[in-house]
Amino acid sequence: MNDSDNNSATAPGAAEPSGFIRQMISRDLASGKHGGRVHTRFPPEPNGYLHIGHAKSICLNFTLAEEYGGHCNLRFDDTNPLKESQEFVDSIKDNIRWLGFRWRGEVRYSSSYFGHLYEFARQLIGKGKAYVCALSPEQAREYRGTLTEPGMDSPWRGREPEESLELFARMRAGEFRDGELSLRAKIDMSSPNINMRDPILYRIRHADHHQTESQWCIYPTYDYTHCISDAIENITHSLCTLEFEDHRPLYDWILHNLDLDSLRAASDLSDSEYTYVLPEQTEFAKLRISYTMMGKRFLRAIVEEGRVDGWDDPRMPTLAGMRRRGYTPASIRNFCEAVGVARSESLVDIGMLEHAIREDLDRNAPRAMCVLRPLKVVLSNFDAERVERLQLPRHPKREELGGREVPLTREICIEQEDFSEDPPAGFKRLVAGGEVRLRGAYVIRCDEVVRNAGGGIVELRCSVDFDTLGKRPEGRKVKGVIHWVSAAEGKRVKVRLYDRLFLSENPAPKSVEEVFDGVNPDSLVELDGCMLEPCALEDGSGDHFQFERTGYFFRDRQAHSGAAAVFNRTISLRDTRKPART
RNA sequence: UGGGGUGUCGCCAAGUGGUAAGGCACAAGGUUUUGAUCCUUGCAUUCGUUGGUUCGAAUCCAGCCACCCCAGCCA
């Protein structure tokens, strides 16, 4: 997809691209606005783990660059040392690579532009566009006014540039305490847009930074930093979510009040021929999915309260969690593509996500049989010493994936729910005196139900019709097919079944306490004595499987070595049985 | 009572004045040694609402309604 000539988005004569962002880019390309360049960026703050919502932005930025033959940077927007850490930097990089995206050149950090940012601030002060203010944070809030009332000018608003310049230098030198002074843009305290009421550009924070360590004690704010960082990196299209819409005028104000040549000189392309063009911000709706939530505060509460196994618990909407659950990069990318990008806020049905992973795994996951809740079956006419090694395909439709050997012995396990003494209407599995097909093997008939003293079913005695391997039985129809595993040859494994983490379709807790009430108490079921066919544990057999009739599973590599293998159920198979699911 | 946005099928989402794409979900058939997959078919006379302009409106205009965002020295 790197060849722009080969691409639908830019191919001559191609249909108009769909979606407002692609249309905008095509328009910009057609008008030559950015010299024919497309350069995007994904700009996370390293203050937490990435979740599926971030994936939407990642996919958007990287695929747009790819489609238009442009580039996409990874830039850590690290202007607040109090909340950030190297751990998050590392995990974010790891997640992006896992999704299959490669950023342009080296990883960027806003913090590596602190020098430029400082000089640009001096420039604004020199032009009378910024001033050092001595209002305390509390006072600043009072002066700001309200949504319906204009603010009041700071008493320091008229400070001479020379004086502000000197104070700003002393702020940097560490002569003031946190919060004592700030640098503010001089815009309009009565603007109906609160972001324009002399926003803070720099604040004092005597704190070490994960990248710049103790070099700075003043840190630029997001609004001041983001636009300039985009300009330095020659970003053409700066995409962000809807809540930043009101910040766009400030984004533009800062850039337009700086000397264009000085911006150009600081930029990556300073030595090139192209006409310097300022980046432009465009907003889109963030991703929301039913039965889950992206709010970091609430997710953290669930993790810290031990309601889940950690940030990578397979029930979590984090990329780390989804990865451990068995979601594939392709499924997440396809999902993001299917969801689309628009400006209306929507709640995507989690069924779309489930469809994306089923679609990928149905095509690519090898099949295996695993009995989750075993019921012993003795095949009375099968020799006790005999091991019949059946050859089954790994995938029903893809011969190239090869075959597997499945051992059949006198004693096997079947699923408890595949036998019923009191079958509901339409039951297609085994009943007393009835017949069923063992998947990939023979048809068996249930001759006897063996019980314990309490009347519970202990085992089934069945007889094999040896004339049914690979062919239909004579003179009758056997509809049901069930999975099974040799009791002697099978491997005991542990399985974790997951359900949605939240009970409500649109969980919107108002407090941390409310979050816990909304957590699904049955979101995890652990099963211990499951029986898995042996070849699924052989080296090189892969980590993703479809356990036939029960769902798609992913080997959990965090399980202790030596202990039984653990498989997480990524997603169940679609179930279209007439009544509801059992 | 300020400003900025958004409203098209149950859920996403195309559509930019010429008579409502697609996906998910759902439903009905067919195939099937997975109640899976696959295949076929069906699924908005109508675009928040009320008016207006026009030969023609989801698209243009006006009013109304609903919902979302903004008063961190967070991003």
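Protein chains get the first letters and strands the later ones, always in sequence-line order, with residue 1 at the start of each. FYI, side chains are in, hydrogens and waters are out, and symmetry mates aren't considered; it's all heavy atoms of this structure.
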Under a 3.5 Å cut-off for both distances, is rC60(B) Watson-Crick or wobble paired, and to whom?
rG52(B)
His247(A) ring center near Tyr251(A) ring center (under 6.0 Å)
no
Using Watson-Crick or G-U wobble geometry with both distances under 3.5 Å, which nucleotide pairs with rC67(B)?
rG5(B)
Determine the interatomic distance between C1' on rA57(B) and the same-named atom on rG17(B); round to the nearest Å.
6 Å
Just to be sure I understand the rule, does Val341(A) reach a base, reach only the sugar-phosphate, or reach nothing, if contact means heavy atoms closer than 4.0 Å?
sugar-phosphate
Using a 3.5 Å distance criterion without hydrogens, assess whether the side chain of Arg170(A) forms a donor-acceptor pair with backbone atoms of Phe176(A).
no
Using a 3.5 Å distance criterion without hydrogens, assess whether the side chain of Thr328(A) forms a donor-acceptor pair with backbone atoms of Ser331(A).
yes
From the options rC73(B), rC70(B), rG3(B), select the nucleotide whose nearest atom is closest to the side chain of Pro192(A).
rG3(B)
Between CZ of Phe88(A) and C1' of rA75(B) the distance, given in whole Å, is 14 Å
Interatomic distance, Gln281(A) CD vs rA75(B) C1' [rounded to whole Å]
12 Å
List in chain and number order the residues that pass ring pair (Phe, Tyr, Trp, His ring centres under 6.0 Å) with Phe554(A), two or more places apart in sequence or in another chain; answer none if no residue qualifies.
His544(A)
Between Pro43(A) and Gly19(A), which is nearer to the 5' end of RNA chain B once each is assigned its nearest nucleotide?
Gly19(A)
Spacing of the C1' atoms in rU49(B) and rC65(B) (rounded, Å):
7 Å
Find the partner of rA27(B): check Watson-Crick (N1-N3 plus N6-O4 or O6-N4) and G-U wobble (N1-O2, O6-N3) distances, both under 3.5 Å, and reply none if neither fits.
rU41(B)
Filtered N/O pairs between nucleotides 66-69 of chain B and protein, under 3.5 Å:
{"unit_1": "rC68(B)", "atom_1": "O2'", "unit_2": "Glu345(A)", "atom_2": "OE1", "d": "3.1"}
{"unit_1": "rC68(B)", "atom_1": "O2'", "unit_2": "Glu345(A)", "atom_2": "OE2", "d": "2.7"}

Less than 4.0 angstrom between a side-chain N/O of Arg144(A) and OP1 or OP2 of rC73(B), yes or no?
yes
To the nearest Å, how far apart are Arg248(A) CZ and rG5(B) P?
7 Å
Whole-Å distance between rG4(B) P and Phe284(A) CZ?
23 Å
Once you apply a heavy-atom cut-off of 4.0 Å, does Leu135(A) come out as touching a base, just sugar-phosphate, or nothing?
base
Side chain of Glu45(A): nearest nucleotide among rU6(B), rA75(B), rG4(B)?
rA75(B)
What contact category does His226(A) fall into here, base, sugar-phosphate, or nothing, at under 4.0 angstrom with non-hydrogen atoms?
nothing
Could you work out, with side-chain contact (heavy atoms from CB on, under 4.5 Å) as the rule, every residue matching Val89(A), not counting sequence neighbours?
Pro46(A), Phe76(A), Gln86(A), Lys93(A), Tyr109(A), His210(A), Gln211(A)
Have a look at rG72(B) and give me syn or anti from its glycosidic angle (syn if within 90° of zero).
syn
Base, sugar-phosphate, or nothing for Gln23(A), non-hydrogen atoms under 4.0 angstrom?
base
Which whole-number value in Å describes the distance from Arg197(A) CZ to rG72(B) C1'?
15 Å
Partner residues of Phe114(A) under the ring pair (Phe, Tyr, Trp, His ring centres under 6.0 Å) criterion, sequence neighbours left out:
His209(A), Trp216(A), Tyr219(A)
Salt bridge (charged side-chain N to carboxylate O under 4.0 Å, His left out) partner of Asp362(A), chosen from Arg574(A), Arg367(A), Lys397(A):
Arg367(A)
Determine, for nucleotides 21-35 of chain B in 5'-to-3' order, which nucleotides have protein heavy atoms under 4.0 Å from the base (write B), from only the sugar-phosphate (write S), or from neither (write -).
--BS-S------BBB
Looking across every strand, which nucleic acid part, if any, lies under 4.0 Å from Arg141(A) by heavy atom: base, sugar-phosphate, or nothing?
sugar-phosphate
Could you note down all residue pairs passing salt bridge (charged side-chain N to carboxylate O under 4.0 Å, His left out) where residues 136-157 of chain A supplies at least one of them, sequence neighbours left out?
Asp153(A)-Arg157(A), Arg157(A)-Asp198(A)
Separation of rA75(B) C1' from Lys286(A) NZ (nearest whole Å):
10 Å
Take atom C1' in rC24(B) and the same atom in rC60(B), then report the distance between them in whole Å.
33 Å
Taking only the C1' atom of each, what is the distance from rC43(B) to rA21(B) in whole angstrom?
15 Å
For Arg343(A) and rA14(B), is the shortest distance between a side-chain N/O and OP1 or OP2 below 4.0 Å?
no
Side-chain N,O (Thr148(A)) to OP1/OP2 (rG3(B)) below 4.0 Å
no
Donor-acceptor contact below 3.5 Å, side chain Glu415(A) vs main chain Arg373(A)
yes
For atom P, what is the distance between rC68(B) and rC12(B), given to the nearest Å?
15 Å
Expressed in whole Å, how much space separates the P atoms belonging to rC38(B) and rU45(B)?
29 Å
Spacing of Asp188(A) atom CG relative to rG3(B) atom C1', expressed in whole Å:
13 Å
Separation between the C1' atoms of rU8(B) and rG23(B), rounded to whole Å
15 Å
Can you tell me how far C1' in rA13(B) sits from the matching atom in rA58(B), rounded to whole Å?
14 Å
Between Leu347(A) (CG) and rA13(B) (P), how many Å, whole number?
11 Å
Mark yes or no: Arg172(A) above the aromatic ring of Tyr118(A), with NZ or CZ under 6.0 Å from the six-membered ring centre and no more than 45 degrees from the axis.
yes
Reckon Ser346(A) touches a base, only the sugar-phosphate, or nothing at all at heavy-atom distances under 4.0 Å?
sugar-phosphate
Is the cationic atom of Arg500(A) (NZ for Lys, CZ for Arg) positioned less than 6.0 Å from the six-membered ring centroid of Tyr291(A) and within 45 degrees of its normal?
yes
Indicate the ring-plane relationship of Phe42(A) and His54(A), choosing parallel, tilted or perpendicular according to the 30° and 60° boundaries.
perpendicular
